[in-house]
Chemist: 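Right, I'll just put the structure down here and ask away after.
Reckoned from all heavy atoms, side chains included, excluding hydrogens, waters and symmetry mates.
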Amino acid sequence: MYRIRRARKSDNQALIELEQQSLLDLGQKLVCIEHGPDFFNQSRLQAHPHFLVAEEKGRLVAVIAGAWYDTLVRGKPHRLLYVHRERVHTGHQRKGLGRALALELFRRLKRWNVQTPYWYISPDNERSIAFGGMSPALATAVRLHLQTGLRPEKPQKTRLVPRDEIKTLVGLFNSTQAGKELFKPYTAASLNKRLSRLPDYGWRNIYGLFDSSELTAAVGIWDQGKSVRVTTTDKASGHKAVVRRLAVADYGFLPGREGDLAVLLREASVRARKMNRLEVVVSIPAASRLPGLLADLQPRLDRLSLFIPGLSTEYTGNDVSGNDVWVDPIYL
């Protein structure tokens, strides 16, 4: 008999060990995503996080984590629950526990008028895609991974963006991400709130490139590697690769100035090397020029399928499969 309850701070170590024991099978590789040493750290950046665990005879055997927030799909407002973590111990899989956790989490969140949950799932993760019959995907998100690099020889006019530039910053972020699925335009108040939840991502993490006094591009850099480690094991060779990353939590640039964003990302890669982070990752549109502009940083693209089961019927015949998607790493 399983008991489902809210996660507690005292569950921290048991939750870390559960992630280590519950690998993601992505076809030719196994992936372990560990959140530690503080399992709950990333959730403190989120607006409305919720964790449920399942235990059997006092032993924690499964967890589901999600966060709800207001966003836009096809330009319409929706209150969605993003389920960003669900792990079930190997010995307790295929017993309906994962489904029971998901249903219970959504049931509890209906009091806040949450409409439906959604997931990002790797196209290679056939088991998770089959879970709940979530097919087809509503859209595909693209992420760019950059290796760490050396500082460019030519100095650039980059600096921290001051708080009194917030209206300019909001305009830059909103115009760049306009029309992307799951992006809701910021206001000065909502951006300030986002940048004040935790010191891990605040005003001291917003860097800009200026032409005279004009802000032409800006990035918000979050040290995801502080609390997330990704270990990938190749099934054939047994080779393991361990990565901690810097993530671009926000970015924007003036029309025609994508090259300025590339400058900021190149400097982020330098920062990453100094912090012992192996990658910088950023969500990009399918037609982005960034991979070509940053070819020396060995760009690698990966794709995530976006599943929103509760909206798939609504958008049948008028879907968003060709649209770009904003992947917010704070929720991912």
Chemist: Between H89 and H92, how do the two ring planes meet: parallel, tilted or perpendicular, split at 30° and 60°?
Modeler: perpendicular
Chemist: Going by an N to O cut-off under 4.0 Å, is there a salt bridge joining D223 and R245?
Modeler: no
Chemist: Checking T216 against D260: is there a side-chain donor and acceptor pair closer than 3.5 Å?
Modeler: yes
Chemist: Charged N to carboxylate O under 4.0 angstrom, E104 versus R107?
Modeler: yes
Chemist: Hydrophobic cluster mates of L18, side-chain heavy atoms under 4.5 angstrom, ILVMFWY only, any path?
Modeler: L15, I16, F39, F40, F51, V53, L60, V63
Chemist: Tell me, yes or no, whether the heavy-atom count around D164 atom CG, taken from other residues, nucleotides or ligands under 6.0 Å, exceeds 12.
Modeler: yes
Chemist: Going by an N to O cut-off under 4.0 Å, is there a salt bridge joining R143 and D302?
Modeler: yes
Chemist: Does the separation of the ring centres of Y82 and Y331 fall below 6.0 angstrom?
Modeler: no
Chemist: Taking the cut-offs as 6.0 angstrom to the six-membered ring centre and 45 degrees off its axis, would you call R194 and Y186 a cation-pi pair?
Modeler: no
Chemist: Tell me whether D200 is salt-bridged to R44, with the criterion being a basic N under 4.0 Å from an acidic carboxylate O.
Modeler: no
Chemist: State which residues pass ring pair (Phe, Tyr, Trp, His ring centres under 6.0 Å) with Y207; sequence neighbours excluded, sorted by chain then number.
Modeler: none
Chemist: Can you find a side-chain donor-acceptor pair between Y69 and D328 that sits under 3.5 Å?
Modeler: no
Chemist: Are D25 and K235 within salt-bridge range, i.e. N to O under 4.0 Å?
Modeler: yes
Chemist: Just wondering, more than 12 heavy atoms not from K193 lying within 6.0 Å of its NZ?
Modeler: no
Chemist: Give a yes or no on this: more than 12 heavy atoms of other residues, nucleotides or ligands lie within 6.0 Å of atom NZ of K180.
Modeler: yes
